[in-house]
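Here's the structure we're looking at; comments come further down.
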Amino acid sequence: MANDNEKLLSDDQAREVLKRIASMYPDAKGELKWDTVFHLLCAVLMSAQTTDKMVNSVTPKFYVDYPDSFALAAADITDIEDHIKTIGLYRTKAKHLKETAQIISSTYNGEVPKDKKKLVKLPGVGEKTANVVLAEAFGIPAIAVDTHVSRISKRFKIVGEKATPHQIEKRLEQLLPEQEWIHTHHAMILFGRYTMPARAKNKDPYSFLK
DNA sequence: ATCCCGAGGG
DNA sequence: CCCTCTGGAT
């Protein structure tokens with residue numbers, strides 16, 4: 001086997017790494033622009049495999065033209081596509097946005113459910129998106145495992161190379177007290193985005209810690 | 001495992 | 001040119 005000599009960090013070692021990352025970004029918070037919970041859901045759905053900067057460049061007009069789930073549910077699919085054409089995966093996202101809006105407007109009376117099981121059933125909404133909505137919009141402790149959280153967890157050997165997003169989420173949640181989940185999650189994203197990007201591959205991960 | 005998919009950076 | 005970006009559905 002090629003990779004079985006990977007030694008994972010102990011719980012204490014992993015907590016120390018997470019603590020240092022968290023302390024490097026004391027004011028870390030989400031960088032997506034949003035006003036209502038429904039719009040946050042739309043923005044997070046759009047953010048798959050796309051920088052939040054790109055998402056923020058299309059959402060202001062999107063929010064004005066589609067003020068709520070009822071408006072988006074009734075919108076023409078090609079019109080939605082035109083609003084988000086500059087971000088990646090735009091056809092899939094437009095389809096999911098409209099279908100999600102239809103469910104929220106008809107089944108939930110226009111209100112985004114505060115419930116992970118219900119959120120995950122929406123088209124285009126997986127565990128990561130659901131966790132972002134729960135944490136950002138409702139302040140419910142959750143750790144959304146995106147590309148940054150995944151990469152950092154693996155690079156520091158907090159989890160194994162083959163760990164799934166769900167396994168990473170459970171591992172991080174087990175290591176940290178609930179009240180630190182949201183902040184640590186944000187700090188890991190900023191650390192991954194600005195301090196230890198994916199390209200910084202052959203460097204010692206610890207050289208990026210303060 | 002594969003597809004979706006434009007923009008930005010190196 | 002190549003790699004990456006707060007993934008999810010099939």
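Values below: every heavy atom of this structure, side chains too, minus hydrogens, waters and symmetry copies.
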Check your understanding: Considering only the P atoms, how many Å lie between dC5(B) and dT10(C), rounded to the nearest integer?
Key ->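 Going atom to atom, P in each nucleotide, I get 15 Å.
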
Exercise for review: Determine the Euclidean distance between corresponding P atoms of dC3(B) and dT6(C); express it in Å to zero decimal places.
Suggested key: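 24 Å, rounded to whole Å.
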
Under 4.0 Å, heavy atoms only, any strand: does [X] hit a base, just the sugar-phosphate, or nothing?
| X | answer |
| --- | --- |
| T86(A) | sugar-phosphate |
| I87(A) | sugar-phosphate |
| V44(A) | nothing |
| K95(A) | nothing |
| G30(A) | base |
| L190(A) | nothing |
| K85(A) | sugar-phosphate |

Between [options], which nucleotide gets closest to the side-chain atoms of [X]?
| X | options | result |
| --- | --- | --- |
| M54(A) | dA7(B), dT6(C), dG10(B) | dA7(B) |
| A198(A) | dA9(C), dT4(C), dT6(C) | dT4(C) |
| K201(A) | dG6(B), dT4(C), dG7(C) | dT4(C) |
| R91(A) | dC5(B), dT6(C), dG7(C) | dC5(B) |

So, does [X] get its side chain near the phosphate of [N], meaning an N or O under 4.0 Å from OP1 or OP2?
| X | N | answer |
| --- | --- | --- |
| T147(A) | dC5(C) | yes |
| T129(A) | dT6(C) | no |
| R151(A) | dC5(C) | yes |
| R199(A) | dT4(C) | no |

Does a salt bridge link [X] with [Y], judged by any charged N lying under 4.0 Å from a carboxylate O?
| X | Y | answer |
| --- | --- | --- |
| E180(A) | K19(A) | no |
| D11(A) | R171(A) | yes |
| R193(A) | E31(A) | yes |

**Study point:** Pair Y66(A)-D79(A), side-chain contact (heavy atoms from CB on, under 4.5 Å): steps then yes or no
**Key:** CA-CA 11 Å; Y66(A) 309 116; D79(A) 189 25; 3.1 Å; yes

Check your understanding: Ring centres of Y194(A) and Y25(A) under 6.0 Å apart?
Key -> no

Practice item. Specify the residue among K53(A) and Y90(A) whose closest nucleotide of DNA chain B lies further upstream toward the 5′ end. Key: Y90(A)

